There are 2 protein chains.
Amino acid sequence: MSARKKTRTSRPTATRPDGRRRKRASERRGVTIRDVALRAGVSIATVSRVLNRTAPVDERKRVLVETAAADLGYIPNPAAQSLLGRRTGGIGVLLPYVSGEFYSELLNGLDSTAKELGYFLLISTSHDRLEEWQAGARAMFGRVDGLVVMSPILTPDRLEIRSDEPTVYVNTPGAPDGANGFFSIGFSNLEGTFEATRYLLEAGHRTIAHVRGPVAHADADLREEGFRRAMAGHPAEECPVVEGGYHQEEGFAAARVIAAMQPRPTAVVAANDYCAMGVISGLLDAGLDVPGDVSVIGFDGVPSGRYSHPTLSTVEVPVRRLGERAVRTLVDVIQGHRAPPTGVEMIPVSLVLRASSRSLVEP
Amino acid sequence: MSARKKTRTSRPTATRPDGRRRKRASERRGVTIRDVALRAGVSIATVSRVLNRTAPVDERKRVLVETAAADLGYIPNPAAQSLLGRRTGGIGVLLPYVSGEFYSELLNGLDSTAKELGYFLLISTSHDRLEEWQAGARAMFGRVDGLVVMSPILTPDRLEIRSDEPTVYVNTPGAPDGANGFFSIGFSNLEGTFEATRYLLEAGHRTIAHVRGPVAHADADLREEGFRRAMAGHPAEECPVVEGGYHQEEGFAAARVIAAMQPRPTAVVAANDYCAMGVISGLLDAGLDVPGDVSVIGFDGVPSGRYSHPTLSTVEVPVRRLGERAVRTLVDVIQGHRAPPTGVEMIPVSLVLRASSRSLVEP
DNA sequence: CTGTTAGCGCTTTCAT
DNA sequence: ATGAAAGCGCTAACAG
């Protein structure tokens with residue numbers, strides 16, 4: 001019995017009563033650690049030690065192993081590695097419905113940072129339904145070392161992604177409110193529109209409209225709140241809030257409403273850049289001039305805004321950095337460099353004035 | 001000895017000489033198949049059979065197992081499953097540098113289809129360097145059942161992603177040219193600009209410029225070629241080709257050149273939509289009217305084009321469908337429903353006329 | 001129908 | 001310094 005075992009270890013591919021199983025395995029995937037060991041004339045343990053630099057190995061054998069591995073094009077089976085309880089090397093990313101440039105920028109920040117730190121991305125996009133989020137999270141289970149979750153609608157406790165993996169929330173409500181033990185990275189939604197509105201006020205605008213984002217989106221709520229706070233004390237007819245959304249068509253529709261208002265606003269703070277572009281389109285369509293008759297300011301700072309016509313004033317969010325911070329923090333936690341943080345890290349936004357808005361006081 | 005083994009199977013958590021190892025395991029991840037078996041009072045094999053519906057099991061035990069699994073919140077360890085040689089459930093997606101709406105649309109198509117078919121996405125974006133692509137591919141090795149690769153610059157044989165996994169190329173050069181054994185899904189780059197240019201010609205334009213995409217991008221080359229073919233026979237000064245790119249700034253810069261041309265083109269076929277928006281911006285900036293003085297047609301059909309000002313005429317690519325077809329085909333191959341195809345599947349594009357272009361013949 | 005067992009490929013003690 | 005062996009959690013023969 002012990003003789004047979006010995007045979008198994010040192011000559012795994014030798015003829016056996018049943019050649020079938022062996023063959024099946026080699027059909028599936030190529031080179032295993034045993035093939036390398038065999039070729040180098042050492043034990044699989046030594047191969048492992050060399051490849052992981054996990055213990056000192058005789059110089060000659062080391063070279064032998066490295067050569068054999070290279071010759072064979074050996075790549076360790078990640079499934080086997082993670083089965084042993086080691087890292088999977090994956091970071092799961094749970095996103096809402098992705099559309100527009102915001103997400104491609106975010107993805108860029110996430111992926112380039114993940115790459116830099118030696119991780120790969122597992123991505124799942126979901127729509128508003130809770131089950132979709134949970135299904136996405138479940139699919140990640142055991143395949144990732146940590147999670148980045150961006151859920152503008154559902155709060156972490158509603159999502160109930162109670163995975164053991166460390167999780168960083170991005171622009172997700174709930175976490176900001178308090179120390180539920182969640183950690184989130186956000187940007188200043190409220191302050192953004194507050195500043196934009198304040199600027200317009202100082203620039204001499206009296207009647208300013210806000211086109212708000214989608215219902216139940218926490219960030220849309222915050223942006224509306226920022227607008228309201230800046231307009232605090234002004235009569236209601238001077239600060240109308242119009243239903244809108246995050247897409248151009250919704251901004252376009254809102255512009256119709258705004259163009260017909262009495263008194264007509266001389267400025268609009270839009271929910272985001274696409275919405276703002278739609279508003280501009282709708283305003284122009286209604287025969288108004290932007291910024292001649294109406295100033296428009298967006299939110300996000302998407303690249304298109306620099307070249308739309310007129311170029312778009314906006315509250316710029318450093319999206320790329322948002323992604324980078326999320327991954328970097330997550331990896332720090334995964335690797336034990338720091339304890340899982342809680343609370344919120346806020347990334348500041350900045351008002352960028354371009355051609356779609358103008359001052360009424362300094363002509 | 002056999003008694004001990006029996007014990008191990010039926011009471012894995014019982015006290016053992018060394019309690020350490022057990023504890024370590026439970027630290028890492030929660031519930032295993034043995035916990036479920038223990039709770040249901042059956043063997044792990046039965047649990048597996050119930051959960052995978054892989055063999056008939058006594059009704060009562062079935063319920064017992066299902067209850068136990070649900071109570072414990074059991075999720076099979078994917079690493080263990082794939083180690084057995086079963087599917088990983090992953091689809092690897094290798095993309096170039098992502099920016100703009102094209103990629104968020106593509107991602108949408110890929111992810112929603114993958115979800116529908118029970119797969120998740122592993123994403124890696126790369127820039128132009130070959131090593132980055134290969135590193136991305138290597139990271140996917142063993143973690144995915146198949147690959148979707150979109151490489152507008154490097155051909156499949158240059159990429160040398162010689163993985164055993166079935167691979168579908170999207171909008172990637174090389175495969176189109178011949179049966180190298182690769183399969184690719186593309187759209188009609190050449191035909192797209194050809195049609196757009198033909199339309200402009202028929203609409204009475206004589207001098208038409210093309211702002212081409214990035215150097216060495218195969219799709220940019222094809223689009224230029226489509227333009228040239230449509231303009232075949234026309235004198236060179238009537239069909240200038242200007243350096244450009246896929247971003248607005250490059251279109252903007254190209255517009256400056258075009259505005260200064262003698263004779264000045266009355267129409268521009270741009271490399272893509274963002275480029276076209278930049279061209280429009282630059283043209284307006286130079287005091288020209290669009291489409292009054294110059295008509296502009298883009299390529300891709302990004303959502304913004306519907307609401308830019310003027311709304312953008314474009315060659316619309318069904319990006320979402322592109323992603324869907326890629327994943328669907330790949331999964332068909334993975335699941336053995338069809339043999340790995342070769343050659344190209346072309347997805348047709350369509351000319352969509354909006355306000356940025358006008359006819360000179362029917363006023 | 002159901003339990004036992006042999007691995008999947010790898011890392012990590014444990015003995016040399 | 002290095003080989004043997006014990007599993008990680010799971011599925012798929014192989015016996016009952």
Side-chain angles (χ1 to χ4, degrees), chain A residues 2-10 12 16-18 20-22 24-37 40-62 64-65 74-88 142, chain B residues 2 5-10 12 16-18 20-22 24-37 40-62 64-65 74-88 142:
Chain A
S2 80
R4 197 181 175 299
K5 283 195 174 179
K6 193 157 199 169
T7 299
R8 231 203 83 220
T9 300
S10 57
R16 311 167 91 226
D18 59 331
R20 222 172 64 263
R21 186 178 300 275
R22 271 267 123 227
R24 244 232 244 109
S26 69
E27 265 169 25
R28 249 192 316 102
R29 313 213 317 91
V31 188
T32 79
I33 197 173
R34 277 221 285 278
D35 299 322
V36 178
V42 299
S43 73
I44 60 168
T46 300
V47 174
S48 176
R49 285 191 271 256
V50 169
L51 267 27
N52 300 309
R53 313 184 187 299
T54 188
V57 169
D58 176 79
E59 176 65 18
R60 283 214 318 274
K61 292 196 175 174
R62 220 206 61 217
L64 237 41
V65 169
Y74 169 66
I75 301 179
N77 182 328
Q81 290 186 144
S82 31
L83 188 52
L84 267 298
R86 311 198 22 166
R87 59 164 234 168
T88 62
Chain B
S2 80
K5 282 195 176 180
K6 193 155 200 171
T7 299
R8 230 204 82 220
T9 300
S10 56
R16 312 167 90 229
D18 59 331
R20 222 173 63 262
R21 184 177 301 276
R22 269 269 123 223
R24 242 228 249 111
S26 68
E27 264 170 26
R28 248 191 317 99
R29 314 213 315 92
V31 188
T32 78
I33 197 172
R34 278 221 283 277
D35 299 322
V36 178
V42 299
S43 74
I44 60 168
T46 299
V47 174
S48 175
R49 284 191 273 256
V50 169
L51 266 27
N52 300 309
R53 313 185 186 300
T54 188
V57 170
D58 175 79
E59 177 64 17
R60 282 214 319 273
K61 293 195 175 175
R62 220 205 61 218
L64 237 42
V65 169
Y74 170 66
I75 301 180
N77 182 328
Q81 290 187 143
S82 31
L83 189 53
L84 267 299
R86 311 199 22 166
R87 59 164 233 166
T88 63

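Worth knowing before you read on, the calculation uses all heavy atoms, side chains too, and leaves out hydrogens, waters and symmetry mates. Throughout, a chain's letter reflects where its sequence line sits, starting with A, and its residues are numbered from 1. Just so it is clear, the structure is predicted and the values come from calculations on it, not from any experiment.
Atom pair Leu83(A):CG and dA6(D):P shows a separation of 17 Å (rounding to whole Å applied). Between the P atom of dC8(D) and the CD1 atom of Ile33(A) lies a distance of 18 Å, rounded to the nearest Å. For the pair Leu84(B) CG and dT11(D) C1', the interatomic distance rounds to 4 Å; values are reported in whole Å. When rounded to the nearest whole Å, the span between CD1 of Ile44(A) and P of dA5(D) equals 11 Å. What separates CZ of Arg62(A) from P of dT2(D) is a distance of 12 Å, to the nearest Å. Between the CZ atom of Arg87(A) and the P atom of dC10(C) there is a distance of 16 Å, given to the nearest Å. Spacing between atom CG of Asn77(A) and atom C1' of dC10(D) amounts to 14 Å, rounded to whole angstrom units.
Out of dA12(D), dC10(D), dC10(C), the shortest distance to the side chain of Ala80(B) is found at dC10(D). The side chain of Thr32(B) lies closest to dG9(D), out of dG9(D), dC1(C), dT2(D). Picking from dC10(D), dT4(C), dC8(D) the nucleotide with the shortest atom distance to the side chain of Ser43(B) gives dT4(C).
A heavy atom closer than 4.0 Å to some atom of DNA chain C occurs in Ser48(A), Arg49(A), Asn52(A), these being the qualifying members of residues 46-53 of chain A.
For dT11(D), one of the phosphate oxygens OP1 or OP2 lies less than 4.0 angstrom from a side-chain nitrogen or oxygen of Gln81(B). At the phosphate of dC10(D), neither OP1 nor OP2 sits under 4.0 Å from any side-chain N or O atom of Arg34(B). Taking side-chain N and O atoms only, Lys61(A) has a distance below 4.0 Å to OP1 or OP2 of dT2(D).
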Evaluate the criterion side-chain contact (heavy atoms from CB on, under 4.5 Å) for residue pair Val57(A) and Thr46(A); output intermediate values, then yes/no.
CA-CA 7 Å; Val57(A) 169; Thr46(A) 300; 4.0 Å; yes
Working note: Thr32(A) + Asn77(A), criterion side-chain contact (heavy atoms from CB on, under 4.5 Å); need CA distance, chi angles, decisive distance, verdict.
CA-CA 8 Å; Thr32(A) 79; Asn77(A) 182 328; over 6 Å; no
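Remark: Arg49(B) engages no residue in a salt bridge (Lys or Arg N to Asp or Glu O under 4.0 Å) (not counting sequence neighbours).
Each of Asp58(B) and Ala45(A) was assigned the nucleotide of DNA chain C with the nearest heavy atom; the assignment lying further toward the 5' end belongs to Asp58(B).
Each end of the helix from dC1(C)-dG16(D) to dT16(C)-dA1(D) yields a helix axis from five base pairs, and these two axes differ in direction by 50° (to the nearest 10 degrees).
The side-chain heavy atoms of Val31(A) and Ile75(A), taken from C-beta on, include no pair separated by under 4.5 Å.
No option in Val65(A), Asp35(A), Ile33(A) other than Ile33(A) meets the side chain to side chain contact (heavy atoms under 4.5 Å, CB included) test with Tyr74(A).
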